[in-house]
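Before any comments, here is the structure.
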There are 2 protein chains.
Amino acid sequence: MIDVILVEDNHDVREMLAMIIDGSEGFSCKHAFVDCESALQFIPDNPPDVVLMDIDLPGISGIEGIKRLKVVLPNLDIIMLTVHEDDDSVFDSLCAGASGYLLKNTDPTVLLSSIKDVISGGSPMSSSIARKVVGSFQRSNSSPLTGRETEVLKKLCEGQNHKAIAESLFVSNHTIRMHIKNIYKKLHVHSRGQAVKKAIDERLV
Amino acid sequence: MIDVILVEDNHDVREMLAMIIDGSEGFSCKHAFVDCESALQFIPDNPPDVVLMDIDLPGISGIEGIKRLKVVLPNLDIIMLTVHEDDDSVFDSLCAGASGYLLKNTDPTVLLSSIKDVISGGSPMSSSIARKVVGSFQRSNSSPLTGRETEVLKKLCEGQNHKAIAESLFVSNHTIRMHIKNIYKKLHVHSRGQAVKKAIDERLV
DNA sequence: AATCCTATTACCCAAATGGGTTATTTTTTA
DNA sequence: TAAAAAATAACCCATTTGGGTAATAGGATT
């Protein structure tokens, strides 16, 4: 029997979801909370198998709630169940510790299979959410840098200094300094820190 | 009719997959290549709806092949179809531009629905792969840094220098330098670059 | 009340970095 | 084959950074 806890402020949605889950074979939903405050009091002492969490909640937000739950229960599986499909909501939720992200219009059948999925180590997401997540890995393929400059930038991102980079690439430190100067010009930055930030933001490395 | 191209060196696997796909209602697989070299010659002039790509290929690897295809066809949907489930293979593939990642033992029914999925903007992945991807977003919740130090580290990651950080936090640059010294000690690093790398790697910011 | 932690400010000095300029060799491209 | 781009190396100088040390004040903890 899979034990599910809901955190959802809308009365009708909460009751509806609880009924669907609790009424399904192999699922149980005996506790549902209106806000994170009450959920945070109950859950640490009574951890369920899965938590379904809304984002828009009065008081502590669902994202902040996830962070706090994860501190005391790092292995708890939490699925975000929300209407928000914007990048920030998705990435903030995942960074906070959500293992899945579903939209509220998700079909009940899919919701139930997603709950099973997250328990068995999966990360249920809608197609469009998954594409956002995957897309965040894709790097620019139009870097203004040359091959050597990209190599050097990579080393900069690893925190290496002139000398270390020169040694690892078997050239003089003068050469590395020249490469770095050119990198800065091309990226329009004036320091290592800015170069590293740009490299990461624009996935140049 | 969904046009699919295969790149797979193993003869039996290639023939089998081609037969499954081409024999299915609404799918067509008229071209299958043994290596990236030949695929790279054909595909740019005859772009299909979806490419299924193996990783282990003689000559140009599947990952390198994706990169090259994406340069000329940035919107091409590519699904990695491989036996490798290690982190590097997964992340390198996604970074190279793959939109989906499936294992070769994937059920034919799932494979076909995944092809439809990727065309409609999704990113088909197995549960365990999705968990890896989502896991890469989760940050550590046990930072050794104080609140103020974390603020400063965030600014370092944005490429700001002493003075800029001091001004944005309304304190003297001496204070910021002290914070940075303490951050370096706690993180066991000796430069901005290393601190930024550590901050990003361990998701301290 | 005593202690610890955090945040704050300050000074000194050596090392690293950033910017400007010039030049040779190799590789790539037109 | 000629021109352009990339990689290599060097010099000078001002600024920034890193490391050591010291001190004060407020808050939390014991």
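For clarity, every value in this text was computed on a predicted model and none was experimentally measured. To find a chain, count down the sequence lines: A is the first, B the second, and so on, and within it residues start at 1.
- Rounded to an integer number of Å, the gap from A/K163 NZ to C/dA16 P is 6 Å.
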Quiz prompt | Residue pair A/K116, A/F27: steps toward the side chain to side chain contact (heavy atoms under 4.5 Å, CB included) verdict | solution = CA-CA 10 Å; A/K116 282 185 185 166; A/F27 291 87; 3.9 Å; yes
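- Between A/H162 atom NE2 and C/dG19 atom C1' there is a gap of 11 Å when expressed in whole angstrom units.
- Summarising the geometry, the separation between CZ on B/R192 and C1' on C/dG18 is reported as 13 Å, rounded to the nearest angstrom.
- A heavy-atom distance below 4.5 Å is found between the side chains of A/V90 and A/V133.
- Checked options B/I183, B/V196, B/I180; the residue passing with B/L153 is B/I183 (criterion: side-chain contact (heavy atoms from CB on, under 4.5 Å)).
- Of the residues in residues 171-181 of chain B, those with a non-hydrogen atom less than 4.0 angstrom from any atom of DNA chain D are B/R177, B/M178, B/K181.
- Phosphate proximity of C/dG18 to A/Y184: present, with a side-chain N or O under 4.0 Å from OP1 or OP2.
- No side-chain heavy atom of A/E151 sits less than 4.5 Å from a side-chain heavy atom of A/I165.
- Salt bridge B/E149/B/K181: absent, no basic N to carboxylate O contact under 4.0 Å.
- Per the geometry, CG belonging to A/L187 stands 16 Å off C1' belonging to C/dG19, to the nearest Å.
- No more than 12 heavy atoms of other residues, nucleotides or ligands lie within 6.0 Å of CD in A/Q41, so this atom counts as exposed by the packing criterion.
- To the nearest angstrom, C1' of C/dA7 lies 13 Å from CD1 of B/I183.
- If you check the side chains of B/D117 and B/S114, you find no donor sitting under 3.5 Å from an acceptor.
- Heavy-atom contacts from other residues, nucleotides or ligands closer than 6.0 Å to NZ of A/K186 number more than 12.
- The span of DNA chain D lying next to chain B, judged by atoms under 4.0 Å from heavy atoms, is bounded 5' to 3' by D/dT17 to D/dA22.
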Return the polar atom pairs (N/O with N/O) between nucleotides 26-30 of chain C and the protein under 3.5 Å, or none.
none

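- Comment: B/K198 does not engage A/E158 in a salt bridge, judged by the lack of any side-chain N to carboxylate O separation of less than 4.0 angstrom.
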Quiz item: What's the verdict on side chain to side chain contact (heavy atoms under 4.5 Å, CB included) for B/D56 and B/S61, showing C-alpha distance, side-chain angles and the deciding distance?
Solution: CA-CA 6 Å; B/D56 293 320; B/S61 79; over 6 Å; no
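- Ring centroids of A/H31 and A/F42 are separated by less than 6.0 Å, placing the two rings close together.
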